[in-house]
Amino acid sequence: MEKVKLSSKEKYLGEVDNKLKKIIEKNGHIVFKPNRKNQFESLVKIIISQFISTKAANTIFLNLKKSLNTDSLQPLVFRNLSTYEIKKLGLSVNKSRSIKSLSDLFIDQNFTDLKQLSEDDLHKNLLSVFGVGNWSVSMFEIFCIGKLNIFSSKDAALRISMNRFGMIKPESDLKFYDDYAERWSPYKTIASLHLWKAID
DNA sequence: CTGCATACTGCAGACGAGTG
DNA sequence: CACTCGTCTGCAGTATGCAG
């Protein structure tokens with residue numbers, strides 16, 4: 001009994017893609033609520049989420065906050081911690097280096113709101129951080145800034161979902177996924193949310 | 001039931017092969 | 001030799017599947 005009506009964006013996606021239409025109708029309306037508040041913390045969480053399940057990432061993230069005894073992670077917290085000390089908080093060597101590098105960027109550039117940067121500057125700054133690649137940047141743009149037209153073919157879950165619903169054959173080159181996603185423009189983000197939900 | 005091995009949604013870096 | 005490009009490896013916790 002789906003009582004909640006689909007948004008106009010979701011209806012639009014259904015019109016341009018029949019396969020996606022079925023997924024959206026089954027899912028029902030998805031509320032897209034990016035967390036715009038603490039950008040630094042969002043990035044830390046994304047770094048932790050690389051390669052591991054969201055559940056595992058959540059546990060590590062909560063342990064990290066508990067160890068640091070804070071509700072809101074700030075770059076300054078990590079300034080005086082060595083990579084080794086961050087690692088002891090439950091992270092791998094590379095992720096510790098990554099968080100350290102991210103903190104340095106925020107402190108050096110004195111960032112308050114990354115949203116004010118142009119897309120180019122945003123990408124350039126984030127990609128300069130050790131351990132942050134295109135996937136991480138996309139996740140930040142979706143879940144923190146709330147951009148509506150983001151799709152990342154580097155996300156394995158999205159690819160699996162697209163395989164399962166017959167959009168793209170498994171093992172295809174990444175560019176086929178990107179090409180397919182073009183039809184969802186300018187709401188690729190909303191399409192991604194439905195693909196994620198469809199496979200849990 | 002318990003315990004263990006394994007795979008799993010990204011990334012950097014090491015390394016080898018290919019090129020000039 | 002000096003580069004570029006592709007391949008391989010290791011890593012945080014958890015769910016799953018299989019052996020005992």
Side-chain angles (χ1 to χ4, degrees), chain A residues 20 23 27 30 32 34-35 39-70 73 77-78 81-106 114 122-147 150-178 180-181 184 188-200:
Chain A
L20 188 59
I23 297 170
N27 284 340
I30 294 179
F32 177 42
N35 166 24
Q39 298 179 341
F40 175 77
E41 183 170 295
S42 298
L43 283 164
V44 170
K45 194 164 184 181
I46 289 166
I47 289 167
I48 293 175
S49 303
Q50 289 167 190
F51 189 67
I52 57 173
S53 69
T54 44
K55 285 190 176 178
N58 241 330
T59 306
I60 296 169
F61 181 69
L62 291 177
N63 286 342
L64 178 67
K65 283 174 86 166
K66 203 171 154 196
S67 303
L68 293 171
N69 196 22
T70 176
L73 291 181
V77 173
F78 296 100
L81 292 179
S82 66
T83 307
Y84 176 69
E85 285 167 320
I86 299 173
K87 176 173 152 45
K88 277 196 298 188
L89 300 174
L91 289 125
S92 67
V93 176
N94 278 346
K95 286 182 185 175
S96 304
R97 282 181 66 191
S98 188
I99 289 172
K100 186 82 178 152
S101 170
L102 179 70
S103 306
D104 290 344
L105 176 77
F106 267 70
L114 293 175
L122 177 71
H123 288 197
K124 213 182 298 167
N125 275 289
L126 290 182
L127 291 174
S128 75
V129 175
F130 176 89
V132 171
N134 285 316
W135 177 85
S136 302
V137 172
S138 295
M139 294 308 113
F140 177 74
E141 291 179 318
I142 292 176
F143 293 108
C144 188
I145 294 189
K147 288 194 187 181
I150 304 293
F151 167 82
S152 178
S153 58
K154 304 200 81 174
D155 190 280
L158 288 179
R159 291 199 306 272
I160 289 168
S161 192
M162 289 170 80
N163 296 151
R164 189 169 302 172
F165 294 104
M167 296 169 176
I168 301 287
K169 271 188 255 170
E171 314 288 327
S172 301
D173 193 278
L174 291 190
K175 82 175 169 63
F176 290 107
Y177 295 87
D178 288 315
Y180 188 96
W184 304 325
K188 293 186 213 169
T189 299
I190 306 297
S192 300
L193 295 177
H194 278 282
L195 288 169
W196 275 316
K197 180 161 183 188
I199 58 162
D200 273 341

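Note that the first and last nucleotides of DNA chain B, 5' to 3', having any atom under 4.0 angstrom from a heavy atom of chain A are dT9(B) to dG13(B).
Taking the nucleotide of DNA chain B with the nearest heavy atom to each of W196(A) and V129(A), the more 5' of the two is matched to W196(A). Between F130(A) and A157(A), it is A157(A) whose nearest contact on DNA chain B lies nearer the 5' terminus. Nearest-nucleotide assignment on DNA chain C puts the 5′-proximal partner with N94(A), out of N94(A) and T59(A).
Rounded to the nearest Å, the gap between the P atom of dT16(C) and that of dT9(B) is 13 Å. Spacing between dC8(C) and dA7(B) at atom P, rounded to whole Å, works out to 15 Å.
Side-chain atoms of K100(A) come within 3.5 Å of backbone N or O of L81(A) as a donor-acceptor pair. Between the side chain of S161(A) and the backbone N or O of A157(A), no donor-acceptor pair lies under 3.5 Å. Under the 3.5 Å distance criterion, the side-chain polar atoms of S49(A) are left unmatched by any main-chain donor or acceptor of T54(A). E141(A) contributes no side-chain N or O that, together with a main-chain N or O of I150(A), makes up a donor-acceptor pair within less than 3.5 Å.
Under the rule for a ring-ring contact (aromatic ring centres under 6.0 Å, His included), F130(A) has no partner lying at least two apart in sequence or in another chain.
E85(A) and S82(A) share a side-chain donor-acceptor pair at under 3.5 Å.
No contact: S49(A) has no heavy atom under 4.0 Å from any strand. Among the atoms of the strands shown, only primed sugar atoms or phosphate atoms (P, OP1, OP2) are found under 4.0 Å from some heavy atom of R97(A). Counting any heavy atom pair closer than 4.0 Å across all strands shown, L91(A) reaches sugar-phosphate atoms only and no base atom. Heavy atoms of A156(A) sit under 4.0 angstrom from primed sugar atoms or phosphate atoms, though from no base atom. Note on N58(A): nothing from the nucleic acid sits closer than 4.0 angstrom, heavy atoms only.
Atom pair K45(A):NZ and dG13(C):P shows a separation of 16 Å (rounding to whole Å applied). Taking atom NZ on K55(A) and atom P on dG13(C), their separation rounds to 16 Å, with Å as the unit.
Pair assignment for dA17(B): dT4(C), on the basis of Watson-Crick or G-U wobble contacts that are both within less than 3.5 Å.
In this structure, the side chains of M167(A) and Y177(A) stay at 4.5 Å or more apart for every pair of heavy atoms.
Taking the six-membered ring for Trp and thresholds of 30 and 60 degrees, F106(A) and F40(A) have ring planes more than 60 degrees apart, a perpendicular arrangement.
Nearest to the side-chain atoms of S92(A) among the listed nucleotides dG13(C), dG10(C), dC11(C) stands dC11(C).
A side chain to side chain contact (heavy atoms under 4.5 Å, CB included) with K154(A) is found for one member of V137(A), N134(A), D178(A) and no other, namely N134(A).
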Kindly give the atom pairs (protein nitrogen or oxygen, nucleotide nitrogen or oxygen) under 3.5 Å for nucleotides 4-8 of chain C.
none

